[in-house]
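Not measured: the values here are computed from a predicted model. Quick note: numbers below take in every heavy atom, side chains included, and nothing from hydrogens, waters or symmetry partners.
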Amino acid sequence: MTAVSYVITVFNKEDYLPEVIRSLEAQIGIEEREYIFVDDGSSDRSVEVIKDCTKDLRAKTVIIQQENLGASWGTNAGVDAASHEWIKLCDGDDLLTPHSSLWLIEACERLNVDHAWGHSAYFEWKGQEDPLSRPAPKPDMEVMEDGLSFFIRNNPANSTCMLFKKSFYQKAGGCDPRLVSPDQMLFLRLFAEGPGARVHGDVGLLPHAAPDRLSAQKGRSRYESVLAMYFLILERPDLNAAHIDYAYKRAISRAERFHRKVYGGLFNCFVWDHIRTKIWPHGDKLAAIKNCLAAFTPDGKVERSVEWKPGAGKSGKAGPDFT
């Protein structure tokens, strides 16, 4: 019997939740399921909508209400509360395609790995199309032996596209509550822990112009993508030199490109660092990655402002960025 715990993080998503829950109920081939909603201090009617939409469902429903600590903290809380080994994440305004869970589990079992991710597509919120009725041809599946390099280079997915075993997630360290978005660090941690599967088909559907997406906040998003690599290298002393070198080159490349595009001009303080990566690399690559963070902050400082931190960071519950 296939059993899945669905962890859905929610913050002021009352308008989206009925469709999110419809997509959960539309999951094909999952005999036993539970829905764990983690409300991150919503000020709207999100909790009431969840209760109303799930009151007549067969699936077990759990609602965790926390102060505003962030999606990363909330994801960890939801996974901790899960009864089943398979965990499927879903953001509070995203939809799962009907075959999402089935394909991801099949990929894990066929390829003998403990986590998998798939592609995503966009849909028009309140548009004419029913996004759950899109054609879904059986996708190719592959094992990613070096998924870590892939996600150091770029992160083309979000947590809605993920499925993993609870025990593997916890062994890898889960989400980092110091980060607003769970996505970047979670992909890095999972692939640093071991190979995973890739499903070349859409498993998640993202609404156009959804509010408060970190990806819509370019400076903050780029900052977190580099900070996640910095955190990973600090916490994984066993990380091989090739991955550290690649993270170093990607961080400097992102810093130089962002600073040039946002602030203009062909030359900026990160150009020389970018050139150095090719001819005379820094001796302390971790320090160089840290220095790149200044490219993304409005005041040009490595330390981000309190406004850029999740609730857990603002309150001190998540710990400091730097010691």
Peer 1: If you draw the axis of the six-membered ring of Trp308, does the NZ or CZ of Arg304 fall within 45° of it and under 6.0 Å from the ring centre?
Peer 2: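 No; the conditions do not both hold, so Arg304 does not lie above the ring face of Trp308.
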Peer 1: Measure the acute angle between the ring planes of His115 and Phe168, then classify it against the limits of 30° and 60° as parallel, tilted or perpendicular.
Peer 2: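 The rings of His115 and Phe168 lie parallel, inter-plane angle below 30°.
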Peer 1: What is the ring orientation for His200 with His119, classed by angle as parallel under 30°, tilted 30 to 60°, or perpendicular over 60°?
Peer 2: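 If you compare the ring of His200 with that of His119, the planes turn out perpendicular.
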Peer 1: Is it true that Asn291 and His282 share a donor-acceptor pair across their side chains at a distance under 3.5 Å?
Peer 2: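 Per modelled atom types, His282 and Asn291 side chains form no pair under 3.5 Å.
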Peer 1: Taking Glu34 for its side chain and Thr61 for its backbone only, find out whether a donor-acceptor pair lies under 3.5 Å.
Peer 2: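 Side chain of Glu34 to backbone of Thr61, a donor-acceptor pair under 3.5 Å: no, none is there.
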Peer 1: What I want to check is whether the side chains of Ser101 and Gln27 have a donor and an acceptor closer together than 3.5 Å.
Peer 2: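 Distance-only check passes for Ser101 and Gln27.
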Peer 1: May I ask you to check whether Glu32 and Thr2 show a side-chain donor-acceptor distance below 3.5 Å?
Peer 2: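 The answer is no; no qualifying pair exists.
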Peer 1: Determine whether the side chains of Tyr35 and Ser5 contain a donor N or O and an acceptor N or O closer than 3.5 Å.
Peer 2: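 Looking only at side-chain atoms, Ser5 and Tyr35 do not form any donor-acceptor pair under 3.5 Å.
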Peer 1: Would a hydrophobic clustering, with Ile, Leu, Val, Met, Phe, Trp and Tyr connected at side-chain separations under 4.5 Å, put Leu186 with Leu69?
Peer 2: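 No, no single cluster joins them.
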Peer 1: Decide whether Asp183 and Ser159 meet the rule of one side-chain donor and one side-chain acceptor closer than 3.5 Å.
Peer 2: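 Result is yes, a qualifying pair exists.
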Peer 1: Assess whether side-chain hydrogen bond (donor to acceptor under 3.5 Å, both in side chains) is satisfied between Arg257 and Ser253, documenting all intermediate values.
Peer 2: CA-CA 6 Å; Arg257 186 182 303 111; Ser253 176; 3.0 Å; yes
Peer 1: I'd like to check Leu227 versus Leu293 (side-chain heavy atoms, cut-off strictly below 4.5 Å). Are they in contact?
Peer 2: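 Yes, close enough: below the 4.5 Å cut-off.
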Peer 1: Phe270 and Tyr230: same hydrophobic cluster, using ILVMFWY side-chain contacts below 4.5 Å?
Peer 2: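 In one cluster: no.
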Peer 1: Can you check side chain to side chain contact (heavy atoms under 4.5 Å, CB included) on Val4 and Ile87, steps first, answer last?
Peer 2: CA-CA 6 Å; Val4 177; Ile87 308 291; over 6 Å; no
Peer 1: Hydrophobic clusters here meaning ILVMFWY residues chained together by side-chain heavy-atom distances under 4.5 Å, can you tell me if Tyr169 and Trp73 are in one?
Peer 2: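 Different hydrophobic clusters.
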Peer 1: Please check this pair: side chain of Asp299 against backbone of Lys301, looking for a donor-acceptor N/O pair closer than 3.5 Å.
Peer 2: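 Looks like yes, one N/O pair under 3.5 Å.
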Peer 1: With a cut-off of 6.0 Å (strictly less than), are more than 12 heavy atoms of other residues, nucleotides or ligands near NZ of Lys249?
Peer 2: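 Count not over threshold, so no.
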Peer 1: Please lay out, stage by stage, how Glu224 and Ser181 fare under the test side-chain hydrogen bond (donor to acceptor under 3.5 Å, both in side chains).
Peer 2: CA-CA 8 Å; Glu224 285 215 341; Ser181 170; 5.0 Å; no
Peer 1: Does a side-chain N-to-carboxylate-O contact under 4.0 Å join Lys261 and Glu256?
Peer 2: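 Not counted as a salt bridge, because no side-chain N and carboxylate O are separated by less than 4.0 Å.
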Peer 1: Could you go through Asn158 and Asp94, starting from their C-alpha distance and side-chain angles, then the distance that decides it, and tell me whether this counts as side-chain hydrogen bond (donor to acceptor under 3.5 Å, both in side chains)?
Peer 2: CA-CA 10 Å; Asn158 74 354; Asp94 292 344; 3.1 Å; yes
Peer 1: Are Leu102 and Leu104 connected, step by step, through hydrophobic side chains (Ile, Leu, Val, Met, Phe, Trp, Tyr) whose heavy atoms are closer than 4.5 Å?
Peer 2: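 No; tracing contacts between hydrophobic side chains, which count when under 4.5 Å, never links both residues.
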Peer 1: Test side chain to side chain contact (heavy atoms under 4.5 Å, CB included) on Asp40 and Val10; report intermediate values, then the result.
Peer 2: CA-CA 6 Å; Asp40 191 35; Val10 176; over 6 Å; no
Peer 1: Taking Thr54 for the side chain and Ile50 for the main chain, is one N or O donor matched with an acceptor at less than 3.5 Å?
Peer 2: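 Confirmed, Thr54 side chain pairs with Ile50 backbone.
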Peer 1: Would you kindly confirm whether Ile28 and Trp86 end up in one hydrophobic cluster when ILVMFWY residues are joined by side chain heavy atoms under 4.5 Å apart?
Peer 2: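 No, no single cluster joins them.
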Peer 1: Do Ser72 and Asp176 make a side-chain contact, defined as non-hydrogen atoms from C-beta onward lying under 4.5 Å apart?
Peer 2: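 No - every pair of side-chain heavy atoms lies 4.5 Å or more apart.
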Peer 1: Once the angle between the rings of Phe187 and Trp117 is folded into 0 to 90°, is it parallel (under 30°), tilted (30 to 60°) or perpendicular (over 60°)?
Peer 2: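 Phe187 vs Trp117 ring planes: perpendicular.
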Peer 1: With a 4.5 Å cut-off on side-chain heavy atoms, are Phe296 and Val262 touching?
Peer 2: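 Side chain of Val262 against side chain of Phe296, heavy atoms only: no contact under 4.5 Å found.
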Peer 1: Determine, for Arg189 against Glu235, whether the closest basic-nitrogen to carboxylate-oxygen distance falls under 4.0 angstrom.
Peer 2: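 Answer for the salt bridge query: yes.
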Peer 1: Looking at Arg134 and Glu129, is there a salt bridge between them, counting it only when a charged N and a carboxylate O are closer than 4.0 Å?
Peer 2: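 Salt bridge: yes.
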Peer 1: More than 12 foreign heavy atoms under 6.0 Å from CZ of Arg153: is that the case here?
Peer 2: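 Counting other residues, nucleotides and ligands, CZ of Arg153 stays at 12 neighbours or fewer.
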